[in-house]
Number of protein chains: 2
Amino acid sequence: MANIKDVAKAAGVSVSTVSRVINDSASVVPDKRQAVLTAMEALQYRPNSLARALVNSRSDCVGLLVGEIDSPFFGALMAGVHHVVHDSGKHVIVTAGYHHIEKERDSIRFLLDRRCDALVIHSKALPDDELVRLLELDIPIIIVNRLIKGWEHRCVYLDNEYGAYLATRHLLSKGHRDIAYIGTNIAIEDGADRVHGYRRALEEFSIPFNERKVVRTFPDEEGGHNAMAEVVSRDLGVTAVFTYNDAMAAGAITMLQDSGHRVPEEISVVGFDDVILARLLNPRLTTIRYPVYEMGALAARIVLHQLDSKFARADQPLRFTPRLIERQSVRDVAPVAV
Amino acid sequence: MANIKDVAKAAGVSVSTVSRVINDSASVVPDKRQAVLTAMEALQYRPNSLARALVNSRSDCVGLLVGEIDSPFFGALMAGVHHVVHDSGKHVIVTAGYHHIEKERDSIRFLLDRRCDALVIHSKALPDDELVRLLELDIPIIIVNRLIKGWEHRCVYLDNEYGAYLATRHLLSKGHRDIAYIGTNIAIEDGADRVHGYRRALEEFSIPFNERKVVRTFPDEEGGHNAMAEVVSRDLGVTAVFTYNDAMAAGAITMLQDSGHRVPEEISVVGFDDVILARLLNPRLTTIRYPVYEMGALAARIVLHQLDSKFARADQPLRFTPRLIERQSVRDVAPVAV
DNA sequence: ATCGCATTTGAAAACGTTTTCAAGATTGAA
DNA sequence: TTCAATCTTGAAAACGTTTTCAAATGCGAT
């Protein structure tokens, strides 16, 4: 591959001059400029971005750590980040941590080694103090989907407690009184928050919390399926289920339908996230909207701004509020005022 | 951030020595090695991968171009590539082209500028000759999901014609005689191939091809929904539909159910791709399995091999064969021998 | 013609690595 | 003790850029 020297030689000028026309960082007389341009064209010259990044100490890359590369949830997160980063002429490097501490660590190391200008991080496995150590680095970093105490201004997160509260309250307002919660078995803050929201709604309706009505499994479709089977087998007279995410809801619905239960006639289901799947299930899933695309976009906007204030500043709060999306998976048992 | 000189100074050795212990590329006496190690630790030193890539002309990165960053199909493709590339200690840089010629071009340029060691490309928009020009570069490149004549050994692709044939034949063998095809309106080879497969199966059963039974829209859920509405409105006595992909099938099913038609009792549906969604729909979708994860993994294995023969060689053929996955969206009208 | 000033140019240093090369230190055998 | 052979080491060049700085050129006014 041709380099800048080849171009300089071909155009009969110095490398400095070539550099100047590439970046037009200074004026060059028209005929030399033209000579350089044609030489670049002829040699199919493309500047080596590594060399450029080395001297500029700017790679024009934003690093992004997600949980998995293939999942509607992270797909939306990636899309949000990609969108705004590309709009600013920069690029994204994505890595996945698979909710595994070592992989998350490696991924972040990789992004840092690559000299990304900024980072957007979704981490479930890394402990707070390790993330704080990152935040203390002097590179723009935003943590997505997690709140670290004392670092609220660097975290773009959702009010999980309120989301779970909304979902549960919705079920209660539709007359349900025996509501199971299918949660995640990975020890992570949003899991705990959602249990709190569930309990708070229950309390508001003076319904005692029953530990037997919550079962925790791996937060995917299969986990939801198994958990639902467990709930059914416990025979607690449950008329509704609230799940940690839509994938689990899908698994739960499948399990119910396969075992001859009708949804929502016999058992109502509310999910969480509102991934695309939710609209496609039958019955269409009533769920809590998690604006993950918007959150990714906001995170990206913030790091870009920190990097270079010529990018639009984000004045929005970093805390997002979930919303109930009513579809068809909840039956109205006996309406009650909220 | 500390650089190699700082480490050298701290350890009281030359940069060459530090480099040697980093890569252990030559022997260093134990006490100096230790001194270097502790200095690196103390300074939290991390080699600058850009500088390293510059001198080695090896970035240890594989570039990947996909259609969209958020879609189950490309999610699986990315996951396949990521998996094998990570296993070899290298990394992936993903870009998305959104099926748009300019964006695809830009993305590839970016990956090349970044000096990726190898590329895996999924392109729908770029013309053959432009891709050929890429393949002629002396860097390992594999094209996924597209067959370029004369370059079969560089293309990992699916037998689309056969997939469509399989789907249509399945419907025919279940007694369906009036089968609509909901196709893609983007002019791309696999679209045409699938129409051919559909026609071939029809011919085999001596059923005349009826242009009115095929409608083409944008290949997503909404497109499927609209296309299905169109098919219904044409009132052609259709008892089954085969769609270009699962998302369209989902849209079609939603449309049918919303307008009071039962699936599969009134109308049977067969999709294409077998993305995760297919298992979750109700009824579960009978579809054609597109082994995209495996194809991504194979493409990655090949470029890695070309890069450095120490990675396992791929002896498999580059052409994948689709398979029918029977689930519940097809009704048996009147069995007929295949 | 000459002077001064502004514009355009190229040489060289810098970015942070790896690697080559030659020199210095160490070892073992005679 | 000496010599050769082997190990270990550091200086310097290289990778492909950008940028600083000083020199060269061009221009208008005198």
Side-chain angles (χ1 to χ4, degrees), chain A residues 1-37 39-40 43-61 91 109-117 139 308, chain B residues 1-37 39-40 43-61 91 109-117 139 308:
Chain A
M1 258 197 173
N3 63 20
I4 199 173
K5 270 189 206 156
D6 301 325
V7 175
K9 202 173 301 171
V13 299
S14 71
V15 294
S16 330
T17 301
V18 178
S19 174
R20 283 188 265 260
V21 354
I22 294 173
N23 308 291
D24 52 27
S25 49
S27 57
V28 168
V29 293
D31 50 346
K32 298 209 177 191
R33 144 171 263 104
Q34 193 48 52
V36 169
L37 256 19
M40 295 201 327
L43 294 169
Q44 293 269 49
Y45 170 72
R46 306 245 69 223
N48 182 323
S49 66
L50 298 171
R52 204 195 271 242
L54 186 59
V55 22
N56 290 338
S57 32
R58 264 294 179 110
S59 64
D60 283 338
C61 275
H91 291 267
R109 240 200 291 271
F110 169 75
L111 296 173
L112 254 18
D113 287 355
R114 245 345 86 165
R115 296 303 190 264
C116 286
D117 298 332
I139 114 171
D308 186 346
Chain B
M1 259 199 173
N3 64 19
I4 198 171
K5 270 190 204 152
D6 300 326
V7 175
K9 203 172 299 171
V13 298
S14 71
V15 293
S16 332
T17 300
V18 177
S19 173
R20 282 189 265 261
V21 353
I22 294 174
N23 307 289
D24 51 25
S25 49
S27 57
V28 168
V29 294
D31 52 345
K32 297 209 178 188
R33 145 170 264 105
Q34 192 49 53
V36 170
L37 256 19
M40 292 197 335
L43 295 168
Q44 292 269 49
Y45 170 72
R46 307 245 70 223
N48 182 322
S49 67
L50 297 171
R52 206 195 268 243
L54 186 58
V55 23
N56 290 339
S57 35
R58 265 292 178 110
S59 65
D60 283 338
C61 275
H91 290 266
R109 240 199 291 272
F110 169 74
L111 296 173
L112 254 18
D113 288 356
R114 254 328 98 164
R115 295 303 189 262
C116 287
D117 298 331
I139 114 170
D308 186 347

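Predicted, not measured: the structure shown is a model, and the values here were computed from it. The chains referred to below are lettered A, B, ... by the order of the sequence lines, with proteins before strands, and numbering in each begins at 1.
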Worksheet item: What is the distance from CZ of B/Arg58 to P of D/dG16, rounded to the nearest Å?
Response: 16 Å

Worksheet item: Atom CZ of B/Arg114 to atom P of D/dC15: distance rounded to whole Å?
Response: 21 Å

Worksheet item: Taking only side-chain nitrogens and oxygens of A/Lys32, does any of them come within less than 4.0 Å of OP1 or OP2 of C/dT9?
Response: yes

Worksheet item: How many Å lie between OH on A/Tyr45 and P on D/dG16, as a whole number?
Response: 10 Å

Item to complete: Measure the CZ-CZ distance between A/Arg46 and B/Arg109 for me, rounded to the nearest 0.5 Å.
Response: 5.0 Å

Discussion item. So which atom in A/Ser19 and which in A/Ile4 form the shortest heavy-atom distance, rounded to 0.1 Å?
Written reply: N-CD1, 3.9 Å

Worksheet entry | B/Asn56 CG - C/dT19 C1' separation (whole Å) | 10 Å

Worksheet entry | Heavy-atom pair of closest approach, residues B/Ile22 and B/Tyr45 | CD1-CE2, 3.6 Å

Practice prompt. Let me know the distance between CG of A/Asp31 and P of C/dT8, rounded to the nearest Å.
Written response: 11 Å

Practice prompt. Under 4.0 Å from any atom of DNA chain D, heavy atoms only: list the residues of residues 2-13 of chain A that qualify, in numerical order.
Written response: A/Asn3, A/Ile4

Worksheet item: In whole angstroms, how far is the C1' atom of C/dT17 from the CG atom of B/Leu50?
Response: 10 Å

Worksheet entry | Neighbours of DNA chain D within residues 15-27 of chain B, by heavy-atom distance under 4.0 Å | B/Ser16, B/Thr17, B/Arg20, B/Ser27

Worksheet item: What's the shortest heavy-atom distance between A/Val7 and A/Met40, and which atoms?
Response: CG1-CG, 3.7 Å

Item to complete: Whole angstrom is fine here: how far is it from CG in B/Leu54 over to P in C/dT19?
Response: 13 Å

Response to the item:
Closest non-hydrogen contact found for A/Ser14 with A/Ala8 is C-CB, 3.7 Å

Worksheet entry | NE2 on B/His91 to CG on A/Asp113, rounded to 0.5 Å | 8.5 Å

Please tabulate, one pair per line, all N/O donor-acceptor pairs under 3.5 Å involving side-chain atoms of residues 50-61 of chain B, not counting sequence neighbours.
residue : atom : partner  : partner atom : Å
B/Arg52 : NH1  : B/Asn23  : OD1          : 3.1
B/Asn56 : ND2  : B/Arg52  : O            : 3.4
B/Arg58 : NH2  : B/Leu307 : O            : 3.0
B/Ser59 : OG   : B/Cys61  : N            : 3.4
B/Ser59 : OG   : B/Arg115 : O            : 2.7
B/Ser59 : OG   : B/Asp117 : OD1          : 3.4
B/Asp60 : OD1  : B/Lys90  : NZ           : 2.9

Response to the item:
Taking for A/Ala51 and for B/Arg52 the nucleotide of DNA chain C with the nearest heavy atom, the one nearer the 5' end belongs to A/Ala51

Response to the item:
Output for pair (A/Arg114 CZ, B/Asn48 CG), nearest 0.5 Å, gives 9.5 Å

Worksheet item: Which atoms form the tightest heavy-atom contact between A/Arg33 and A/Val28, and what is the distance?
Response: N-CG1, 3.6 Å

Fill in: Distance in angstrom units between B/Asn48 CG and C/dG16 P, rounded
7 Å

